[in-house]
There are 2 protein chains.
Amino acid sequence: MKAPATTSIQVIDRLVRLLDALGQQEAPLSLKIVAAETGLHPSTAHRILASLIQHQLVERSEGGLYRLGPHLLTLAARTQRPFDPRREALPVMEWLRSEIGETVNLTLREGDVLVYIERALSQKAMRVEQMIGSRAPLHVTAAGKLFLADEGAMACARYTQHHGLESYTANTITDPARLTACIEEARQRGYAFDDEEAEPGVGCIAVPIRDATGKMVAGLSVSAPIQRRSPAWLPRVIEAGAKLSARLGYQPKDG
Amino acid sequence: MKAPATTSIQVIDRLVRLLDALGQQEAPLSLKIVAAETGLHPSTAHRILASLIQHQLVERSEGGLYRLGPHLLTLAARTQRPFDPRREALPVMEWLRSEIGETVNLTLREGDVLVYIERALSQKAMRVEQMIGSRAPLHVTAAGKLFLADEGAMACARYTQHHGLESYTANTITDPARLTACIEEARQRGYAFDDEEAEPGVGCIAVPIRDATGKMVAGLSVSAPIQRRSPAWLPRVIEAGAKLSARLGYQPKDG
DNA sequence: ACAATACGTTTCACATTATGAAATACGCAA
DNA sequence: TTGCGTATTTCATAATGTGAAACGTATTGT
């Protein structure tokens, strides 16, 4: 269902690069910085940004700096109705955070990467903190593995071929057969782990959030320093995932 | 601060048109429909949509129909942090809805129009229902008038000149002087009305939501059939607006 | 006050790109 | 199998987006 790579339209590639660059920083950015971040000529960046401003996809702060604009909120509000994971998930995430004391993340899948779109942060000084909007390949994250598990071995092989199993740490799974086995295990259990595969010292447990059709539509995960990660959390993490899935009309199959 | 109209880039204009068309309907759309909605040649629409799919701004359903994609959620999650009106506002909106029994709306301003981005719907069979994502000119809406009031008479005159005061009903304000007076009144009161100006039979009361700098960043409004609209709601609407503003760090000035 | 510097904005020639008509492919119903 | 409607691909080319250069603006240093 993915469009072939030959369908690229240069301006669109570029504007997405610009939007992503603006989304990487919380503070508004100057033209010079944006151009450097995107590799575009300043006058080209200026032109595209002006058009994006016209459409409210970008706006400018008082100092003339660029940041993402309100039309994105409007469009997002029209995405995948009636499902809005952030709206439905936050209270449950906050509950889970208060139960276990660690950071809880909500993630979406975008093609070959996992994106963090919401979080409830641990109050501890040393905690794991994924910036909202940040991305990670599916194979190095617990929730990413669950997305692959949801699609099956064929899709997993396709991901491996298409995206590759790049190594991030000594623990990253880079062998396709190992990933397939890991995915299969995640599917049977209904949860998955990240054992310092994305970043040294970081451990993670994730469960799927499913909609009424049974499809996994988001990931709910708990990240912590690996020494603090505890299997005792599992019942609650699973419970939170089940709560959110139920809200989306998911009905577990018996057995 | 608005870019001049000469900075248009055709592909960007077109892709925004496509995204907006997809956002107008809850159900996914076929290529034929999208092309008709946007006035683009089918092959052109197909090409641009393919590029948008590549970037996850659009996705396709199982039947091959097009709908808005997850990257919009990601980008929206990175907009105007730490302020997210929908996240902060929904519980208060639901409280207000339960207090007065009418539909509560959350709106943002995009240039010359007001956009509805969230709502808590009245349970009554006959109610006012603005579709999420729908738009209305500032001058015919209560919250829109407040946005104009927030910027002052000069901005109001600029809006009048730039956008025009198109008539929607017999009640629509089409005289610039009347609008200015109306805006001034709204500013002094701190709330505004829509008296069947956008649509016959529909009445509205709105209050501003302000951030820590005192700037109006969103509108909170109650819409109802005009015969049901009651001034008795005002204390609670004002209270709800104040609650949300407080959450954003707004500090009312004394006097 | 003037010069230098850095960044932002506009102009414009033109190579490249997006476009849309036509051809082809696909799916479904009769 | 045929016909029809929609989707997808191909390709010639007019139009468009591009980026270098010129110009404008603001700030700092002498």
Side-chain angles (χ1 to χ4, degrees), chain A residues 1-22 24-25 27-69 111 158 162, chain B residues 1-22 24-25 27-69 111 158 162:
Chain A
M1 201 73 68
K2 179 178 302 214
T6 53
T7 53
S8 188
I9 292 181
Q10 186 176 234
V11 191
I12 296 178
D13 296 341
R14 288 176 163 193
L15 80 82
V16 170
R17 219 184 309 170
L18 284 164
L19 293 176
D20 287 340
L22 294 177
Q24 288 303 310
Q25 310 287 343
L29 302 180
S30 70
L31 176 69
K32 190 73 189 284
I33 298 292
V34 176
E37 291 280 332
T38 54
L40 296 176
H41 191 279
S43 68
T44 300
H46 188 262
R47 275 289 309 288
I48 299 176
L49 285 166
S51 186
L52 293 174
I53 285 168
Q54 200 174 9
H55 294 291
Q56 305 281 335
L57 294 172
V58 168
E59 66 184 2
R60 299 185 81 168
S61 66
E62 286 71 22
L65 304 182
Y66 297 95
R67 65 188 175 207
L68 297 176
R158 243 182 280 129
H162 186 252
Chain B
M1 202 73 70
K2 178 178 299 213
T6 52
T7 53
S8 188
I9 292 181
Q10 185 176 236
V11 190
I12 295 178
D13 295 341
R14 291 177 160 189
L15 81 81
V16 170
R17 217 183 313 167
L18 284 164
L19 293 176
D20 287 340
L22 293 178
Q24 288 303 309
Q25 308 289 339
L29 302 179
S30 68
L31 176 69
K32 190 75 189 284
I33 298 292
V34 177
E37 292 279 332
T38 54
L40 296 177
H41 190 278
S43 68
T44 301
H46 187 262
R47 276 286 310 288
I48 298 175
L49 286 166
S51 186
L52 293 173
I53 285 168
Q54 202 173 9
H55 295 291
Q56 306 280 332
L57 293 173
V58 168
E59 67 184 0
R60 300 187 78 169
S61 66
E62 285 72 24
L65 304 183
Y66 297 95
R67 65 190 174 206
L68 297 177
R158 244 182 281 127
H162 184 251

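Computed from a predicted structure; not experimentally measured. Labels below follow one simple rule: chain letters A, B, ... track the order of the sequence lines, proteins then strands, and each chain is numbered from 1.
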Sorted by position of nearest nucleotide on DNA chain C, 5' first, the leading residue of Val11(B) and His46(A) is His46(A)
Nearest-Å distance, CG (Leu15(B)) to P (dT19(C))? 10 Å
Starting at atom CG of Leu18(B), determine the distance to atom C1' of dT19(C), rounded to an integer number of angstrom. 14 Å
Please round to the nearest 0.5 Å and tell me the distance separating atom CZ of Arg67(B) and atom CG of Leu29(B). 11.5 Å
Can you measure Gln54(A) atom CD to dT9(C) atom C1' for me and round it to whole angstrom units? 16 Å
Leu31(B) CG to dA25(C) C1': how many Å, rounded? 14 Å
Output yes when a side-chain donor or acceptor of His41(A) lies under 3.5 Å from a complementary backbone atom of Ser43(A), and no otherwise. yes
Residues Gln54(A) and Ser8(B): closest non-hydrogen pair is OE1-CA, 3.6 Å
In whole Å, I'd like the distance from the CD1 atom of Ile33(B) to the C1' atom of dA7(D). 14 Å
What is the distance from CZ of Arg47(A) to P of dA20(D), rounded to the nearest Å? 15 Å
Check whether any side-chain N or O of Gln10(A) sits under 4.0 Å from OP1 or OP2 of dG17(D), and answer yes or no. no
Look at the side-chain N and O atoms of Arg14(A) and state whether any lies under 4.0 Å from the OP1 or OP2 oxygen of dT18(D). yes
Give a yes/no on whether any side-chain N or O of Arg60(A) is located under 4.0 angstrom from OP1 or OP2 of dT9(C). yes
Taking atom P of dT17(C) as reference, at what distance in whole Å does atom CG of Asp13(A) sit? 11 Å
Rounded to the nearest 0.5 Å, how far apart are CD1 of Ile33(B) and CD of Gln25(B)? 8.5 Å
Between Ile12(A) and Ser43(A), whichever has its closest DNA chain C nucleotide further toward 5' is Ser43(A)
To the nearest 0.5 Å, tell me how far Ile48(B) CD1 sits from Arg17(B) CZ. 8.5 Å
In whole angstrom, give the distance that lies between atom CD1 of Ile48(B) and atom C1' of dA18(C). 8 Å
Tell me which nucleotide among dG8(C), dT6(D), dG19(D) gets nearest to the side chain of His41(A). dG19(D)
Contact class for Leu40(B) vs. all strands (heavy atom < 4.0 Å): base, sugar-phosphate, or nothing? nothing
Presence of Thr44(A) side-chain N/O under 4.0 Å of dG19(D) phosphate oxygens OP1/OP2: yes
Report which part of the nucleic acid Ile9(B) touches: base, sugar-phosphate, or nothing (heavy-atom distance under 4.0 Å, all strands). sugar-phosphate
